[in-house]
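Structure first, then comments.
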Amino acid sequence: MIDLKALRENPDLYKEGARRKRIAVDIDRLLELDADRRAVMTEQESLRAEQKRIEKEIGPKLGQLMGRIKKASGEEKAALEAEAEQFRAAPTRLKEQIHELDSKITALDPELNELLLQVPLPPDEDVPVGASADENVQLRTWNPDSFDPAKSFADNRGFAPKSHIDLMHMHGMVDFERAVKLAGSRSYVLTGDGMRLHNAILRYAFDFITNRHEFRATSVPVIVREECMIGTGFFPAGHDQAYRVSETERGGTHDYYLTGTGEVGLMGLHQDEILDEAALPLKYATVSTCFRREAGAAGKDTAGLFRIHQFDKVEQVIICKADEHESRRWHQTMIGIVEELLQSLELPYRLLQCCTGDLGPKNADMIDIECWMPSRGDVDASGVPSGAYSETHSASRLYDFQCRRLNMRYKGESTGGKTVFCHSLNNTVAASPRILIPIIEMNQNEDGSITVPEALRPHMNGLERIG
RNA sequence: GGUGGGAUGGCGGAGUGGUUGAACGCGCCGGUCUUGAAAACCGGUAAACCCGUCAGGGUUUCGCGGGUUCGAAUCCCGCUCCCACCGCCA
């Protein structure tokens, strides 16, 4: 959520931000509702002040009167009661007026809140303006000496690559047919060394982030309430992307949603808290199953392990002080951790600066990391794919957008006793099975065997080669 | 699923109709003392919103929503959540 006060003071910033992000939201209407609401509130508050003043004035008198009424009788009592009634009349009139204004506010609130939740965080000035992911900008690439992604896989290795699908079938690492029987399209069952490799990369990544980089190892719920989805900024925009567990249909008090990322659980941890500045930054890591409906992606990437409804992801989250430079610094740190991880696996990758149209509502800036995948890209006349970089990681910088919605604040020396909304950031550490695509395809040998990356061998019982 | 208990400020915990936005303790901040620190003592310490250029003024908030009342943390109704025990169970 954005700061309504800031929006009021500088609406053009937010209008331009929404425009750059290609998000339609009626900011003028929001400002109009806000102005109406404040006018009503101001009126109501002065009525309340008056009411309180009168209360204090007549309270003691009324108390006295009531005492006398108790003792009195007959005509005297009637007279006293009439007098008491007069005292009561003024505040009662005020009360009615206040009540009317209350219902005015109640009438304005739903639309105002709905619009407010829709206003995206403006992208940072240094984010390239663009309509969609096609206009993302490559920042830099990395590749091991042994592989140059500018050339084809065949030119690098001397043989045409097989896809992860073929390789995994060859070694009994996956069973798509039975998976589809169980759970429909975009499902998979990892088997044998497929499942072992999946666990190995997750374990390696989790140890990497929690041991080497000292992020706090944490488990999180993956089934959460709607408030948590709204608070983390995934709703309302991403409502169609999340699976809903409709408990209300069977008489429950709430519906639940399956989270699409561990970020939701990690960010939800401290909602409504006022943190001690000295405790910041909070650095968390989790590994969790992620669920995505992939609504609107029908027909896209249907084969293999690239775009699936359920996967497991090691995620890193940082909650830090509300300081742009600090946010930016942590963003780079989180990206650096992933680069270190990918380099240890010798996977070629590139960094992409996402353009404004690809940021989504909650990000000020987002850097995607794409690994080189031999089986992707255009296919040539002989049926060999060119290979292409494809997204495996996404590092977001959100400023206080999430923390404002989650009501997550901190207080300390630098805030001068005030409470301030924290900043938050998140980044993938490793998402599997998608990351298995480059791992398997890049480590294939001409005979179809797969060399297990050295870093993963300790988690594969020392296995050096599959097949 | 059954039965009972509870929800108060950063934390613990008082408070059952009228300066209670809230005792007391802890924590935190400042001061005295001290070479320094600790201890002790003294003082301070909720959040959000609105109006205002400032100074300042005002409103709301004791789980949430509604009601009674001149006046509600305190009384009434509804809801949500949490805890304990029993039952079932990975």
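Every chain is numbered from 1 and lettered A, B, ... according to where its sequence line falls, protein lines coming before strand lines.
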Can you check the distance between [N] and [M], where both ends of the measurement are the [atom1] atom (answer in whole Å)?
N: B:G52; M: B:G9; atom1: P; result: 32 Å
N: B:U80; M: B:G87; atom1: P; result: 27 Å
N: B:A46; M: B:G10; atom1: C1'; result: 9 Å
N: B:G63; M: B:G4; atom1: P; result: 22 Å
N: B:G71; M: B:G17; atom1: C1'; result: 8 Å
N: B:G25; M: B:A14; atom1: C1'; result: 11 Å
N: B:G21; M: B:U60; atom1: P; result: 11 Å
N: B:G44; M: B:A22; atom1: P; result: 13 Å

Roughly, in whole Å, what's the span from [atom1] in [X] to [atom2] in [N]?
X: A:Met408; N: B:A47; atom1: CE; atom2: C1'; value: 17 Å
X: A:Leu47; N: B:C70; atom1: CG; atom2: P; value: 18 Å
X: A:Glu50; N: B:G58; atom1: CD; atom2: P; value: 13 Å
X: A:Arg37; N: B:C51; atom1: CZ; atom2: C1'; value: 15 Å
X: A:Leu94; N: B:G71; atom1: CG; atom2: C1'; value: 14 Å
X: A:Glu277; N: B:U45; atom1: CD; atom2: P; value: 21 Å
X: A:Glu43; N: B:G57; atom1: CD; atom2: C1'; value: 18 Å
X: A:Lys5; N: B:C51; atom1: NZ; atom2: P; value: 9 Å

Base contacts versus sugar-phosphate-only contacts with protein, heavy atoms under 4.0 Å: please encode nucleotides 60-68 of chain B as B, S and - from 5' to 3'. S------S-

Which is true for [X] with a 4.0 Å heavy-atom rule: it touches a base, it touches only sugar-phosphate, or it touches nothing?
X: A:Lys418; answer: nothing
X: A:Thr419; answer: sugar-phosphate
X: A:Arg8; answer: sugar-phosphate

Does [X] put a side-chain nitrogen or oxygen below 4.0 Å from OP1 or OP2 of [N]?
X: A:Lys411; N: B:C28; result: no
X: A:Thr253; N: B:C81; result: yes
X: A:Arg225; N: B:C81; result: yes
X: A:Arg38; N: B:C49; result: no

Considering every strand shown, what is the Watson-Crick or G-U wobble mate of [N] when both distances are under 3.5 Å?
N: B:A40; value: B:U32
N: B:G10; value: B:C26
N: B:G63; value: B:C79
N: B:U68; value: none
N: B:A84; value: B:U3

Under 6.0 Å from the six-membered ring centre of A:Phe215 and within 45° of its axis: does the NZ or CZ of A:Lys283 meet both?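 Yes.
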
From CA spacing to verdict: side chain to side chain donor-acceptor pair (under 3.5 Å), A:Thr261, A:Lys313: CA-CA 7 Å; A:Thr261 164; A:Lys313 179 154 65 81; 2.7 Å; yes

Which one of A:Ser394, A:Ser390, A:Ser396 satisfies the side chain to side chain donor-acceptor pair (under 3.5 Å) criterion with A:Asp368?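 Only one of A:Ser394, A:Ser390, A:Ser396 forms a side chain to side chain donor-acceptor pair (under 3.5 Å) with A:Asp368, namely A:Ser394.
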
Residue pair A:Tyr284, A:His270: steps toward the ring pair (Phe, Tyr, Trp, His ring centres under 6.0 Å) verdict: CA-CA 12 Å; A:Tyr284 286 111; A:His270 294 286; 5.6 Å; yes

Choose from B:U80, B:A48, B:C50 the nucleotide whose nearest atom is closest to any side-chain atom of A:Arg409.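 Closest of the options to the side chain of A:Arg409: B:A48.
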
Apply side chain to side chain donor-acceptor pair (under 3.5 Å) to the pair A:Tyr204 and A:Ser344, showing each step before the final yes or no. CA-CA 11 Å; A:Tyr204 174 63; A:Ser344 76; 2.5 Å; yes

A:Arg328/A:Asp124 salt bridge by N-O under 4.0 Å criterion: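 Yes, charged N to carboxylate O under 4.0 Å.
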
Would you please indicate if the ring centroids of A:His239 and A:Tyr257 are separated by under 6.0 Å?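 Ring centres of A:Tyr257 and A:His239 closer than 6.0 Å.
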
Mind checking whether A:Arg405 and A:Leu117 have side chains closer than 4.5 Å, heavy atoms only?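 Heavy-atom side-chain distance check passes, below 4.5 Å.
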
Examine the side chains of A:Asn426 and A:Gln316 and answer whether a donor and an acceptor come within less than 3.5 Å of each other.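 There is no such pair (donor and acceptor under 3.5 Å, judged by atom type) between the side chains of A:Asn426 and A:Gln316.
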
